K.L.:
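I have a structure here, written as structure tokens, and I will follow up with some questions on it.
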Amino acid sequence: MSAMSLNGARLSLEAKIQRLRGAEHCEPLVQLIESVPALPLISWLASQTLYPRIYWHGRDKEDEVAAIGAAADFLFDDPVSDQQLANVYQHQRDLSSNHNIRYYGGVAFDRDVSGWPEFGRAHFVLPRMELRRSGKDFQLILNLNFEGRDRQTECDAALAALEQLQKPRPLTPPGKVHLLGRSEYPEFPRWKQLVEQVTAGKFNQHTPKVVLSRLSQLEINEPIDPWMVLACWQGRSPSSFQFGFQFSPERTFISCSPERLYRRRQQELFTEALAGTTVRGVSVEEDNQLAQQLLDDSKNSHENQLVRQHIVEHLAPLSSYVGADESPKIFKLPHIQHLHRAIRAQLKPCINDFQLLQALHPTPAVGGLPRDSALSFIRQQEGYNRGWYAGACGYLNKHESEFSVAIRSALIEPGRLNLFAGAGIVTGSDPEAEWQELDNKLATILSILVEL
């Protein structure tokens, strides 16, 4: 079926809503879909007036979504277990037989501490409206939620959302911001102390790896369009996941993360060990030489092997089969390159997404080993609240779910840009070298925002 114009799709959806008013029976969750012509999704998203605004672009480049509004909104500010999250989601699954319905959101890095305002310890949304691209096909999707709601009121709310639909406008032109100040948490002297604590023989015997991170706060006095920043970042990191969550005009969390937490297709699971880092070379020869040095480096190889081993061990009880690359390969990004091992599993029947999140998140690539000991050290010593940085962001669906680890990320607030980077600390880690690694990981986003 050929795609109609955006306005034609809106009119068609309005007619379908009117028919729903008089329908005798329908499921509690209803999804209406119209095909539309190709549209620039980030520009479309930035032009809308409804909140939340959500953007998701898969690393395989085939799946891209811009979503606005909320037909259902689940914010967990208080402590919440994986079982509680699973129960809420299972209830939602039971409301519809439609396999196309998705819930977008994320969970914080550490749900044992309070979350960021609006983001919480976990936050998932069934959008009111989605502009979804699959390959070259574009669809405008409208979700209606009749559970516990008057049908006429919900139809009116859906019509009101359609009436606010805006055409995509060009994004704000990119430009550098003027810095009023910059602060690091922790500062280098404290960072050096932390690295020395983690690498001390007595500590390292029971906790061989801790991923320490740094918050770089940039103070500014001018507004920043987060979607312009994400679009520029996207152009410089095409091999990454790209996503953003803006639950209100006050705060936007954006990320161009290279790391997949997992992708599930029915009972088939894909994940990876991404750990061990070096910079890119200025020539092909130097780039290849640096890659080979990374492959040969015992510290980085050991770090990657620890991550692989942990993931395989935690997937084993949930799976009938787990297979992982024996040797790492090189995963290249614009300014840095990583060691990477692919991991695949065949899940046992009835394993749900929140069991997978419990098993895999946070991975040793962002937390450490053993998990509980490393998280306890981070919680007590790092000195700031990571929130959704190094959390798990993505979407849930009956047949397919995907989450990325939210590294290479930024929280944009009025007057402030919060940038995050981390480094795995193991035996042999050097404080100065690891601090430089943090700078290397921020190089791409900083080159977009400020004059270097």
Side-chain angles (χ1 to χ4, degrees), residues 59-61 191 195 198-199 204 208-214 233 235-242 255-261 263 270-313 322-344 363-369 390 404-405 407-408 420-447 452:
R59 197 173 67 184
D60 60 8
K61 302 181 179 62
W191 171 267
V195 173
V198 172
T199 55
N204 197 255
K209 177 179 179 180
V210 176
V211 181
L212 296 176
S213 71
R214 184 183 78 194
W233 204 354
R236 301 188 192 191
S237 301
S239 301
S240 294
F241 292 93
Q242 298 123 20
S255 177
C256 278
S257 171
E259 186 171 354
R260 168 177 284 145
L261 182 64
R263 181 173 188 176
F270 304 89
T271 184
E272 60 197 20
L274 191 74
T277 306
T278 191
V279 295
R280 297 294 303 271
V282 296
S283 66
V284 173
E285 292 78 11
E286 184 186 18
D287 199 51
N288 292 335
Q289 182 182 17
L290 288 166
Q292 190 60 50
Q293 289 173 355
L294 181 60
L295 289 167
D296 294 338
D297 181 75
S298 59
K299 179 260 180 187
N300 281 290
S301 295
H302 175 61
E303 183 183 349
N304 188 273
Q305 176 63 14
L306 286 174
V307 175
R308 172 194 178 277
Q309 181 179 344
H310 170 89
I311 292 173
V312 169
E313 288 177 353
V322 182
D325 289 345
E326 288 298 326
S327 300
K329 299 179 176 63
I330 294 294
F331 189 90
K332 294 181 181 292
L333 294 166
H335 288 91
I336 56 178
Q337 41 195 334
H338 294 288
L339 293 180
H340 175 277
R341 280 182 169 98
I343 301 170
R344 178 186 165 274
T363 73
V366 294
L369 286 170
S404 172
V405 182
I407 56 176
R408 313 295 189 277
F420 308 91
I425 309 303
V426 297
T427 299
S429 292
D430 174 70
E432 287 81 5
E434 302 296 349
W435 185 265
Q436 181 59 52
E437 181 177 316
L438 303 182
D439 289 337
N440 294 339
K441 289 175 177 176
L442 291 181
T444 300
I445 182 63
L446 283 173
S447 68
L452 297 176

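What you are looking at is a predicted structure, and each value in this text was computed from that prediction instead of being measured. One-based numbering along the sequence shown.
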K.L.:
In Å and rounded to the nearest 0.5 Å, what is the CD1 to CG distance from Ile425 to Asp430?
P.N.:
9.5 Å

K.L.:
Determine whether Asn204 and Thr199 satisfy the following criterion, side chain to side chain contact (heavy atoms under 4.5 Å, CB included), listing intermediate values before the conclusion.
P.N.:
CA-CA 6 Å; Asn204 197 255; Thr199 55; 5.5 Å; no

K.L.:
How close do Ser239 and Phe331 get, heavy atom to heavy atom, and via which atoms?
P.N.:
O-CZ, 3.8 Å

K.L.:
As a test of understanding, state which of Glu259, Glu272, Lys329 forms a side-chain hydrogen bond (donor to acceptor under 3.5 Å, both in side chains) with His340.
P.N.:
Glu272

K.L.:
Tell me the closest heavy-atom pair linking Ser240 and Gln242, and the distance in Å.
P.N.:
O-NE2, 3.0 Å

K.L.:
May I ask you to test the Ser301-Leu339 pair for a side-chain heavy-atom distance under 4.5 Å?
P.N.:
yes

K.L.:
Measuring from atom CG of Leu290 to atom NZ of Lys332, what distance do you get when rounded to the nearest 0.5 angstrom?
P.N.:
8.5 Å

K.L.:
Report yes if some heavy atom in the side chain of Asn440 is under 4.5 Å from a heavy atom in the side chain of Thr277; otherwise report no.
P.N.:
no

K.L.:
Pair Leu333, Ser237 - check side chain to side chain contact (heavy atoms under 4.5 Å, CB included), show working.
P.N.:
CA-CA 7 Å; Leu333 294 166; Ser237 301; 5.5 Å; no

K.L.:
Kindly say whether Ile407 contributes a backbone atom to a donor-acceptor pair with the side chain of Ser255 at under 3.5 angstrom?
P.N.:
yes

K.L.:
Less than 4.0 Å between a side-chain N and a carboxylate O, is that true for Lys299 and Glu434?
P.N.:
yes

K.L.:
Quick check: closest heavy atoms across Ala275 and Val307, and the distance to 0.1 Å?
P.N.:
CB-CG2, 3.8 Å

K.L.:
Please find the pair of heavy atoms, one from Leu261 and one from Thr363, that lie closest to each other, and give the distance.
P.N.:
CD1-CG2, 3.4 Å

K.L.:
When you measure from the side chain of Asp287 to the backbone N and O of Arg280, does any donor-acceptor pair fall under 3.5 Å?
P.N.:
no

K.L.:
Side-chain contact, heavy-atom cut-off 4.5 Å: Glu437 with Ile336?
P.N.:
no

K.L.:
To the nearest 0.5 Å, what is the distance between CD (Gln289) and OG (Ser283)?
P.N.:
8.5 Å

K.L.:
One thing to verify: whether Arg308 and Glu326 come together as a salt bridge, which I'm taking to mean a side-chain N less than 4.0 angstrom from a carboxylate O.
P.N.:
yes

K.L.:
For Ile343 versus Ala324, what's the shortest heavy-atom pair and its separation?
P.N.:
CG1-CB, 3.7 Å

K.L.:
Sequence neighbours left out, what pairs pass ring pair (Phe, Tyr, Trp, His ring centres under 6.0 Å) with at least one residue falling in residues 282-313?
P.N.:
His310-His314

K.L.:
So how far is it from Trp233 CH2 to Thr444 OG1, rounded to the nearest 0.5 Å?
P.N.:
8.0 Å

K.L.:
Looking at Arg341 and Pro328, what are the two nearest heavy atoms and their distance?
P.N.:
NH2-CD, 3.3 Å

K.L.:
Give the C-alpha distance, both sets of side-chain angles, the deciding distance and a yes or no for side chain to side chain contact (heavy atoms under 4.5 Å, CB included) between Arg236 and Cys256.
P.N.:
CA-CA 9 Å; Arg236 301 188 192 191; Cys256 278; over 6 Å; no

K.L.:
Just wondering, do Leu274 and Pro258 contact through their side chains at under 4.5 Å, heavy atoms?
P.N.:
yes

K.L.:
Rounded to the nearest 0.5 Å, how far apart are CD of Gln337 and CG of Asn288?
P.N.:
8.0 Å

K.L.:
Checking Lys209 side chain against Pro364 main chain: does a donor-acceptor pair fall under 3.5 Å?
P.N.:
yes

K.L.:
Between Asp297 and Gln293, does a side chain to side chain donor-acceptor pair (under 3.5 Å) hold up when you go through it step by step?
P.N.:
CA-CA 6 Å; Asp297 181 75; Gln293 289 173 355; over 6 Å; no

K.L.:
Should the ring pair Trp191 and Trp435 be called parallel, tilted or perpendicular, given that the plane angle runs from 0 to 90° and is split at 30 and 60?
P.N.:
perpendicular

K.L.:
Do Asp439 and Arg214 have side chains that approach each other closer than 4.5 Å (heavy atoms only, starting at C-beta)?
P.N.:
yes

K.L.:
Would you please name every residue forming a salt bridge (Lys or Arg N to Asp or Glu O under 4.0 Å) with Arg344, sequence neighbours left out?
P.N.:
Glu268

